[in-house]
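A short write-up of the structure that comes next.
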Amino acid sequence: MKETLYTCPMHSNIVRTEPGMCPECGMSLVPARAWKDADDTRTVAEGNPHSPDSIPHKHASSPHSSAFTKHEGHHTAEFLKKFWIVLALTIPILVYSEIFARAFTWTPPQFIGVQYAILALGSTVFFYGGLVFLLGAYRELRAGLPGMMTLIALAITAAYSFSIFSVLTGSEHTLFWELSTLIAVMLLGHWIEMKAVQGAQGALKELAKLLPDTAEVLRDGSTETVSISELRVGDRVLVRPGAKVPADGVVVEGRSELDESIITGESKLISKEIDSEVIAGSINGDGSLTIEVKKIGEGTFLAGVMRLVADAQASKSRLQILSDRAALYLTVIAVVAGTATFIAWIFANAGVVFATERLVAVLVITCPHALGLAVPLVASISTTMAARNGFLVRQRIALESARAIDIVLFDKTGTLTQGAFGVHAIIPTGSFNDIDVLKKGAELDQGSEHPLAKAIVVEARRRGVVLESMNNFERVAGKGARGDVGGETVLIGNESFMNEVAIVVAEEFLLKTRALESEGKTVIFVASQGHLVGAIALADIIRQESREAIQSLRKLGIRTAMITGDSPDTAKWVARELGIDEYFARVLPGEKSEKVKILQAQGHKVAMVGDGVNDAPALTQADLGIAIGAGTNVAIESAGIILVRNDPRDIPKIIRLSQLTYTKMIQNLFWATGYNLIALPLAAGVLAYKGVILQPAVAAVFMSASTVIVAINALLLRRNNLSTI
């Protein structure tokens, strides 16, 4: 099956299988040629002028993929080298120019064939320094996407062609000094732009740097240092203090704390012991760990993150589509305006030299580089910021939509709650206290696999309760269990079971338990030696993070809603506890998307947050789908944004980042378009009658300056703290 390769018009060494931005200069990649991908065999249809390593994997997912080679960026230095050589050649051209003689009232020594010497120097500058722009124009035109390179190539070709014609016809008026200074400034400007752009993007490069180059593998009782690419599933790897984890795996020996902040956004150290899962790229603390490799290459968590980031960078937002269209229109306007300017000055009897200078200046000043970078640079930075703050932008248009959200609809279980039962309250009777009730219940439940029983045992251990051994455990299906603990017969179960075994429960006590049940709690009674000891109320535990998330959303002026399959009593209690504005209870899986439609019909822009397969239709229906990272792949594929951590506090961050990103994009678009509106008339010479003339080299300075300003403005986005709401 043939697919399309994309390359940078300026940097042919950059080859990708999806459209996006050049990591060297930020220019939009253009279609290059078709390629075949069958059985993982890649062949460039028209021949590959680059090494195979220059073609990245289709999904750019492997952290060690050639798509993220550490040598990317060395071409930046080549532009600086070209600039110095062109500058050296420009000096004699400038010294023998008319403007130099007028400026310094001095004429350098003349010699036979001086005009041909200048021609030779100018030609060297044109073909050596200008070739990169000419080839870039060829790639743009071949792709049917004329842009910055096309305009620069037209400008320098016009200046060079006119100068050649002048020399051959014996005219003294050439544009060699304008041509050479223009190319020198363009090379220097592009080098500065590349430095600014590379500082403003690089999400994938940063992720690729998270992994170490080597790993210490335990083999035959000793350690052997191997390349990451040589790791295999099942290998046991030693991670020393301060070292990076080389692959996803499970701890089989040792105890330590890991810094996973770069990957998950969680700032605190995470304790790891035997059977704990570890993520490639996380940094080990003071302890030593031995991990068994479970996932390598594209199966790792980090590779999945890189896939999502790559998808986000290849996708476009509405503003970027508008920006791209405007950049194309600007190219057309530049050619039309340049031609019109040339003709106008010819008819005004200003001379061919002046008219050609104005043509070149117009073509250079209106290069759409700044406009083309205005949105993608901000989007690239926001993608990186998102990853650092615990969420991944899968589709840029999703992040753009987040700023307009006015209601967030949460799936309850696993999102607002932990999705697991926990002890909510303990009600003792008579002389018994909380620990007595919990101890007896947990001692009996040691023999049960029921989720409620496990929750009681976990709570007892959390409180440090010492449990005695249990014998003769008997489960009573649908009601409870019985067994012997310390010579006493202990019973645990629901109200119906207590009635069945003739355990007396006072009416006053029942009022308390039924009040809890009306809030959606599950109440378990505990009895010993024929007497009621007390009751334990259990519930799906509300996460503290949920309370903070709801409060933050309220501060942003955003309403909240909840959807659940639980009873109205449970839904009402959770909504009241969290301060949620609206809730939907007893909602069947297939009905969730209908609830989203109801909110949309009321005029709301809805963000849906979910983690399960049954949430996928609702995530797709919502204006913004947000999937919990711990959820299923189906839910993740249906969402535009993924929370790496199972933490709803990251949702307000999404909205804040969206607002900040949109503001920066508008600022950059305003600067880029406003600059061209002002600069184009000046380049055309509207103020020439006042002596204000914009030389081509000066136009090149202004064009490069506008690009750098756009890049710097985009960089300022990083200074914002998303947690400050």
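Scope of the values below: all heavy atoms of this structure, side chains included, with no hydrogens, waters or symmetry mates. In this chain, residues are counted from 1 in sequence order.
In summary, Lys440 and Glu488 engage in a salt bridge, as defined by a charged side-chain N under 4.0 Å from a carboxylate O. Using a cut-off of 4.0 Å between Lys/Arg side-chain N and Asp/Glu carboxylate O, Arg462 and Glu459 are scored as salt-bridged. Look at Arg232 and Asp235 and you find no salt bridge, because none of the NZ, NE, NH1 or NH2 atoms lies under 4.0 Å from a carboxylate O. A salt bridge does not link Glu277 to Lys294: none of the charged side-chain nitrogens sits closer than 4.0 Å to a carboxylate oxygen.
Residue Asp411 holds its CG atom at 8.0 Å from CG of Leu416, rounded to the nearest 0.5 Å. In this structure, the separation between CD1 on Ile274 and CG on Leu289 is 10.0 Å, given to the nearest 0.5 Å. Residue Gln446 holds its CD atom at 6.5 Å from CZ of Arg461, rounded to the nearest 0.5 Å. Residue Leu399 holds its CG atom at 5.0 Å from CG of Leu657, rounded to the nearest 0.5 Å. Note: Phe391 CZ to Leu722 CG = 5.5 Å, rounded to the nearest 0.5 Å. Glu273 CD to Ser256 OG: the interatomic distance, rounded to the nearest 0.5 Å, is 11.5 Å.
A pairwise comparison of heavy atoms in Arg219 and Val226 identifies NH1-CG1, 4.0 Å as the closest pair. Across all non-hydrogen atoms, the minimal contact from Ala247 to Val245 is O-CG1, 3.2 Å. The two residues Ala455 and Leu538 have their closest heavy-atom pair at CB-CD2, 3.6 Å. Here the shortest heavy-atom pairing between Gly480 and Phe497 reads CA-CD2, 4.2 Å. Nearest heavy atom pair, residue Asn720 against residue Met385, reads O-CE, 3.8 Å. Ile228 and Ala215 get closest at one heavy-atom pair: CD1-CB, 4.2 Å.
The shortest distance between side-chain heavy atoms of Val574 and Lys412 falls below 4.5 Å. Between Leu238 and Thr290, some side-chain heavy-atom pair lies under the 4.5 Å cut-off. The shortest side-chain heavy-atom distance between Arg649 and Glu545 falls under the 4.5 Å cut-off. Annotation: side chain of Asp434 is not in contact with side chain of Val437 (no heavy-atom distance under 4.5 Å). Counting heavy atoms from C-beta outward, Asp406 and Ile558 have side chains that stay 4.5 Å or more apart. Using a 4.5 Å cut-off on side-chain heavy atoms (C-beta onward), Tyr583 and Leu578 make no contact. Counting heavy atoms from C-beta outward, Met608 and Ile563 have side chains that approach closer than 4.5 Å. Residues Pro568 and Arg586 have side chains in contact (heavy-atom distance under 4.5 Å, counting atoms from C-beta outward).
Using a distance-only test at 3.5 Å, with no hydrogens or angles considered, a donor-acceptor pair links the side chain of Gln529 to the main chain of Thr489. Panel note: side chain Ser552, backbone Glu548; a donor-acceptor pair is recorded below 3.5 Å. Without hydrogens or angle criteria, Gln600 side chain to Gln621 main chain gives a donor-acceptor distance under 3.5 Å. No donor-acceptor pair closer than 3.5 Å links the side chain of His604 to the backbone N or O of Val606. In this structure, the side chain of Asp650 does not engage the main chain of Leu643 through any donor-acceptor pair within 3.5 Å. Glu257 places no side-chain N or O within 3.5 Å of a backbone atom of Gly285 that could act as its donor or acceptor partner. Asn284 places a side-chain N or O within donor-acceptor distance of the main-chain N or O of Arg240, the cut-off being under 3.5 Å. At least one donor-acceptor pair under 3.5 Å links the side chain of Lys439 to the backbone N or O of Val466. Using modelled atom types, no side-chain atom of Arg236 and backbone atom of Val252 make a donor-acceptor pair closer than 3.5 Å.
Evaluated for a side-chain contact (heavy atoms from CB on, under 4.5 Å) with Ile651, the options Ile626, Ile550, Leu624 yield exactly one hit, Ile626. Screening Val533, Leu532, Leu491, Ile536 for a side-chain contact (heavy atoms from CB on, under 4.5 Å) with Phe525, the sole residue that qualifies is Leu532.
Arg547 CZ: more than 12 foreign heavy atoms inside a 6.0 Å radius. Within a 6.0 Å radius of CZ in Arg559, other residues, nucleotides and ligands contribute more than 12 heavy atoms.
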Quiz item: Could you walk me through whether Lys595 and Val587 pass the side chain to side chain contact (heavy atoms under 4.5 Å, CB included) check?
Solution: CA-CA 9 Å; Lys595 302 305 180 186; Val587 179; 4.0 Å; yes
Quiz item: After noting the C-alpha distance and the side-chain angles of Leu231 and Val217, does the key distance pass the side chain to side chain contact (heavy atoms under 4.5 Å, CB included) rule?
Solution: CA-CA 8 Å; Leu231 283 180; Val217 181; 3.6 Å; yes
Self-check item: Candidate pair Glu594 and Lys597, rule salt bridge (Lys or Arg N to Asp or Glu O under 4.0 Å), full reasoning
Solution: CA-CA 5 Å; Glu594 295 301 318; Lys597 291 178 182 178; 3.5 Å; yes
Quiz prompt | Pair Val526-Asp436, side chain to side chain contact (heavy atoms under 4.5 Å, CB included): steps then yes or no | solution = CA-CA 10 Å; Val526 180; Asp436 294 331; over 6 Å; no
Quiz item: Going through the checks in order, is the side chain to side chain contact (heavy atoms under 4.5 Å, CB included) test met by Thr560 and Met562?
Solution: CA-CA 7 Å; Thr560 52; Met562 181 183 71; over 6 Å; no
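Here side-chain hydrogen bond (donor to acceptor under 3.5 Å, both in side chains) pairs that include residues 497-512, with residues two or more places apart or in two chains, are Lys479-Glu500.
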